[in-house]
Number of protein chains: 2
Amino acid sequence: MQEKSTNTELLLDNHLCFTIYACSREITKLYQPYLDKIGVTYSQYLVMIVLWEREQCTVKELGEALFLDSGTLTPLLKRLQAAGLILRERSLQDERKVLISLTPLGWDLQKEAACIPSKMMEGTDMSEKELGDLLVQFKDLLGRVHSANTSASKK
Amino acid sequence: MQEKSTNTELLLDNHLCFTIYACSREITKLYQPYLDKIGVTYSQYLVMIVLWEREQCTVKELGEALFLDSGTLTPLLKRLQAAGLILRERSLQDERKVLISLTPLGWDLQKEAACIPSKMMEGTDMSEKELGDLLVQFKDLLGRVHSANTSASKK
DNA sequence: TTAAATTAAATTGTGTACAATATATAAATA
DNA sequence: TATTTATATATTGTACACAATTTAATTTAA
């Protein structure tokens, strides 16, 4: 009995984590054709979304919003800068910080990207309510896992 | 009115996809300390799980199980081979195929890895039922997104 | 049976992710 | 104030992930 229950847990847990991992990659693939049209990757698109909302922020703030560190963001931001979409400037108040802001081209991209989410909704073929419920559960799970990670790293 | 509704959809969709993406990476981080102990990455661990279930399979079958292609699997499998955990052999019946199987060391690893899922369950701090419900919803979403991808690529 | 089409892996090139480390600046404190 | 500590970003190295192409083997069809 005990053995079977344990085995069930093992499979359940492995499969849930795998399903989330696979789902994440499949969703990125679903974005791909639309992102190709505007010339950015999914990670770069997420950075742009943060900037469209906040206009300006530091690398650290971007990292907190997207759960990414400077090892990922620095080269990614250099590519966005090379593409003419953002500016990277050292803060004059605190020269450790790098301020990221949008160029006019970066702002223009917002209009071109506006159609993407609705196209994605069609792709999943789920109602707004279903997606909303999923989001609630998912944010809860993300919160739990993230806090488990941060409390573990503090040890 | 119409504008507000559209905007809500946009945010909802962006946030759901982002949350799944972030959640996937946070879960991988939660696995990390346990995977470090047995010396494999999360992707390599997934390959080992498939092999522990099936004993032997081709690269293509692994790819179908894990939603990965040979571009990802070939170097990954070479690393598992270099670590002495698997064998890679051309099929004699069909020399296009490469058969992947476990070494005794690869089988031994199963025992060391047995504790991982229960440790992960503790990490999320959710009941078996909650995780089970999430898994059902998630498999549904994965199925929808995957079929959207495969039907799109057939065009 | 030969030629064309298909299939299975491998290869190449780009772009993340992330741990670990380095560097430079700022804040705290002795 | 000089020194330590903390903070913000960059760098380095490893390992995916995947599109696109290549190579070799098998099927299909002419």
Side-chain angles (χ1 to χ4, degrees), chain A residues 18 21-33 35-36 39-47 57-64 66-83 88-100 146 149-150 152-154, chain B residues 18 21-33 35-36 39-47 57-64 66-83 88-100 146 149-150 152-154:
Chain A
F18 165 69
Y21 156 77
C23 210
S24 175
R25 289 183 294 118
E26 289 296 311
I27 287 174
T28 303
K29 283 184 206 167
L30 204 60
Y31 271 104
Q32 209 55 55
L35 295 177
D36 284 347
V40 295
T41 66
Y42 182 63
S43 306
Q44 291 168 6
Y45 171 64
L46 292 176
V47 167
C57 61
T58 65
V59 174
K60 180 182 166 58
E61 287 165 347
L62 271 176
E64 285 167 349
L66 301 176
F67 295 72
L68 292 170
D69 66 8
S70 68
T72 301
L73 286 172
T74 297
L76 188 158
L77 293 170
K78 284 181 177 175
R79 284 182 205 107
L80 286 177
Q81 183 182 33
R88 295 166 63 239
E89 304 161 297
R90 285 278 163 186
S91 164
L92 297 178
Q93 287 76 38
D94 183 343
E95 294 212 5
R96 291 170 303 180
K97 299 182 180 176
V98 170
L99 300 174
I100 309 298
H146 184 60
N149 277 326
T150 49
S153 69
K154 275 180 187 166
Chain B
F18 165 69
Y21 156 78
C23 211
S24 174
R25 289 183 294 117
E26 289 296 311
I27 287 174
T28 303
K29 283 184 206 167
L30 204 59
Y31 271 105
Q32 208 56 55
L35 295 177
D36 284 348
V40 295
T41 65
Y42 182 62
S43 306
Q44 290 169 6
Y45 171 64
L46 293 177
V47 167
C57 61
T58 65
V59 174
K60 180 181 166 58
E61 287 165 349
L62 271 175
E64 286 167 350
L66 301 176
F67 295 71
L68 293 169
D69 66 8
S70 68
T72 301
L73 286 172
T74 297
L76 188 158
L77 293 170
K78 284 181 177 174
R79 283 179 209 110
L80 285 177
Q81 183 181 33
R88 294 166 64 240
E89 304 160 297
R90 285 277 163 188
S91 165
L92 297 178
Q93 287 75 39
D94 183 342
E95 295 212 3
R96 291 172 302 180
K97 299 182 181 176
V98 169
L99 300 173
I100 310 297
H146 184 59
N149 276 328
T150 48
S153 69
K154 276 180 186 165

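Just so it is clear: chains get the letters A, B, ... in the order the sequence lines come, proteins before strands, and each one is counted from 1.
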Side-chain N or O of [X] closer than 4.0 Å to phosphate OP1/OP2 of [N]:
| X | N | result |
| --- | --- | --- |
| A:Thr41 | C:dT16 | yes |
| A:Tyr42 | D:dA17 | no |
| B:Thr28 | C:dA17 | no |

The residue, A:Gln44 or A:Glu95, whose nearest nucleotide of DNA chain C is more 5′ is A:Gln44
With sugar-phosphate meaning primed atoms plus P, OP1 and OP2, does B:Glu26 contact a base, only sugar-phosphate, or nothing at under 4.0 Å between heavy atoms?
-> nothing
Please report the C-alpha distance between B:Thr74 and B:Val98 in whole Å, then the side-chain angles of each, then the deciding distance to 0.1 Å, and finally whether the side-chain contact (heavy atoms from CB on, under 4.5 Å) criterion is met.
-> CA-CA 10 Å; B:Thr74 297; B:Val98 169; over 6 Å; no
Heavy-atom check, side chain of B:Thr58 versus side chain of B:Leu99, under 4.5 Å |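 Touching, per the 4.5 Å side-chain cut-off.
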What is the separation between atom [atom1] on [X] and atom [atom2] on [N], rounded to the nearest whole Å?
| X | N | atom1 | atom2 | result |
| --- | --- | --- | --- | --- |
| B:Phe67 | D:dC16 | CZ | P | 19 Å |
| A:Tyr21 | C:dA17 | OH | P | 12 Å |
| A:Leu66 | C:dT16 | CG | P | 12 Å |
| A:Arg25 | C:dT16 | CZ | C1' | 14 Å |
| A:Asp69 | D:dT7 | CG | C1' | 15 Å |
| A:Ile27 | D:dA17 | CD1 | C1' | 16 Å |
| A:Leu76 | D:dA17 | CG | P | 17 Å |
| A:Leu68 | D:dA10 | CG | C1' | 16 Å |

Pairs under 3.5 angstrom only: tabulate donor-acceptor contacts from the side chains of residues 21-28 of chain A to other protein residues two or more places apart or in another chain.
from, atom 1, to, atom 2, distance (Å)
A:Arg25, NH1, B:Phe67, O, 2.8
A:Arg25, NH2, B:Leu66, O, 2.9
A:Glu26, OE1, B:His146, ND1, 3.0
A:Glu26, OE1, B:Asn149, ND2, 2.9
A:Glu26, OE2, A:Lys29, NZ, 3.1
A:Thr28, OG1, A:Ser24, O, 3.0

For [X], check side chain to side chain donor-acceptor pair (under 3.5 Å) against everything at least two apart and list the hits.
| X | answer |
| --- | --- |
| A:Arg96 | A:Asp94 |
| A:Arg88 | A:Gln81 |
| B:Arg79 | none |
| A:Gln32 | A:Asp36 |

Enter the inter-axis angle for the ends of the helix from C:dT1-D:dA30 to C:dA30-D:dT1 (five pairs per end, rounded to 10°).
-> 10°
Along nucleotides 2-14 of chain C, 5' to 3', which nucleotides get a B, which get an S, and which get a -, given that the test is a protein heavy-atom distance under 4.0 Å?
-> -----BSBBB---
Residue list, salt bridge (charged side-chain N to carboxylate O under 4.0 Å, His left out) with A:Glu95, at least two apart or on another chain =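 Once residues adjacent in sequence are excluded, A:Glu95 has no partner under the salt bridge (charged side-chain N to carboxylate O under 4.0 Å, His left out) criterion.
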B:Tyr45: what forms a ring pair (Phe, Tyr, Trp, His ring centres under 6.0 Å) with it, not counting sequence neighbours?
-> B:Tyr31
